[in-house]
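Have a look at the structure below, then the notes.
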Amino acid sequence: MEEIRLTLRALWHYAILGSLYDIAAYKSMILMTVLGVLGSFLTYYFLGYSIVYQRGIADYGVESPLAFILSGLLLAQMANPFRYNFPLHLRVFYYVYSRPSPPWLFLLEDWLSIYLKYNLLPVLIYAYALLATSGLRADPLAVALFIPFWVSMNVGLNLLENGLVYHVKRGEPVSLALKFIEYVFSGQYFPLTILPEVLRSAVWLYPLSWAYLVWRKALFEGLGVISTEFLIYVAASLTSLAAGLAVYRSGYMKIYREGLVL
């Protein structure tokens, strides 16, 4: 009985009082919690609202809701290591830049190891499921050229995120905010054409929205490289990379001036 009482007491102080203290001390936790819940709700709300009635997916060149979902999951998995496992935060900064080998070589090695360990199997499963259940009319050249620009876009967005973290010194709020935008406004899970009118035009300023549109059209509609959508996608990829490099450099110079790195 005494052990149960001590366990309940520990839970009270650690889980309840500790959580209340964290919320009071770190206001960003409230925002992170709200954004996390709101992001999940909106994602699955629009997912059900669009896929059940197959609204909007025709604008992506696909008729099957399953093919729409699988293609989005496949594309996300293909570049996840570049987007989320690119080790540029301060905790590994010195490790990356103090090695005798060039930093880009370490990053490439790290990406490949993560990809082979965590991403290769999901990619193969999604690709097989897509081939087995969907009628593809892919343009091989468009798909082949799509991949390096997709990687470049994700590298740019990762650099952008790390640069913002260097500026604000808060990693989780920045990461959660960008993930919220990605889940709701990229088109990965549901077609953006079913969004409210006030958002429908603005989301096309977001680079990932063009990536998911062009990816599906290249797979299911045979969209070629000489097309307006593909050229906009290329421009969005290069712009993302350039913006990411600029923000990352700006953030690095800020922490350099503050003496956080030498």
Side-chain angles (χ1 to χ4, degrees), residues 39 42-43 46-47 50-51 55-65 67-84 86 123 126-127 130 134 136-161 164 177-247:
L42 289 177
T43 297
F46 287 124
L47 177 63
S50 61
I51 298 301
R55 295 182 57 186
I57 61 175
D59 297 313
Y60 287 76
V62 57
E63 298 179 357
S64 166
F68 183 92
I69 290 295
L70 287 174
S71 59
L73 293 173
L74 173 61
L75 183 59
Q77 281 290 332
M78 285 169 58
N80 259 3
F82 270 130
R83 180 67 182 88
Y84 297 114
F86 211 41
V123 165
Y126 289 138
L130 191 63
S134 309
L136 300 182
R137 293 187 297 167
D139 183 317
L141 179 60
V143 172
L145 289 179
F146 179 94
I147 303 301
F149 286 110
W150 173 237
V151 172
S152 298
M153 180 180 290
N154 280 271
V155 170
L157 292 175
N158 190 284
L159 291 170
L160 177 70
E161 178 178 328
L164 291 175
L178 293 179
K179 284 183 180 179
F180 170 81
I181 295 173
E182 180 177 344
Y183 289 161
V184 180
F185 301 119
S186 68
Q188 177 181 347
Y189 295 106
F190 56 85
L192 299 178
T193 48
I194 59 93
L195 285 172
E197 185 66 34
V198 68
L199 297 173
R200 201 172 301 167
S201 299
V203 293
W204 296 110
L205 297 174
Y206 185 44
L208 290 179
S209 63
W210 287 100
Y212 282 98
L213 174 70
V214 170
W215 169 247
R216 290 186 174 107
K217 283 198 168 188
L219 285 179
F220 303 112
E221 205 175 65
L223 181 74
V225 295
I226 308 300
S227 61
T228 302
E229 291 97 335
F230 199 95
L231 294 177
I232 293 176
Y233 163 69
V234 171
S237 174
L238 297 177
T239 301
S240 299
L241 183 59
L245 287 169
V247 174

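Computed from heavy atoms alone, side chains included, the values below leave out hydrogens, waters and symmetry copies. Since this is a predicted model, take the numbers as computed values, not measurements.
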State, to 0.1 Å, how close [X] and [Y] come at their nearest heavy-atom pair, and which atoms those are.
X	Y	value
Gln188	Arg216	O-NH2, 2.9 Å
Gly187	Phe68	O-CZ, 3.8 Å
Leu74	Val123	CD1-O, 3.5 Å
Asn154	Ala79	ND2-CB, 3.5 Å
Ser71	Leu219	CB-CD1, 4.3 Å
Leu75	Phe146	CD1-CE2, 3.4 Å

Got a second to check how far [X]'s [atom1] is from [Y]'s [atom2], nearest 0.5 Å?
X	Y	atom1	atom2	answer
Leu157	Ser152	CG	OG	11.0 Å
Lys217	Asp139	NZ	CG	13.5 Å
Tyr126	Gln77	OH	CD	5.5 Å
Phe190	Ile57	CZ	CD1	14.0 Å
Leu208	Glu182	CG	CD	5.5 Å
Leu205	Trp210	CG	CH2	10.0 Å

Taking side chain as C-beta onward, heavy atoms only, is [X] less than 4.5 Å from [Y]?
X	Y	result
Thr239	Pro207	no
Val203	Leu195	yes
Leu241	Val155	yes
Leu73	Tyr189	yes
Trp204	Ile232	no
Ser209	Phe185	no

Quiz item: Aromatic rings Phe230 and Tyr233: how do their planes relate, parallel, tilted or perpendicular, breaks at 30° and 60°?
Solution: perpendicular
Self-check item: Lys/Arg N to Asp/Glu carboxylate O, Glu197 vs Arg200, below 4.0 Å
Solution: yes
Quiz item: Is the count of non-hydrogen atoms from other residues, nucleotides or ligands lying under 6.0 Å from Ile226 atom CD1 greater than 12?
Solution: no
Quiz item: Given the side-chain rings of Phe220 and Trp215, with only the six-membered ring counted for Trp, is the space between their centroids under 6.0 Å?
Solution: no
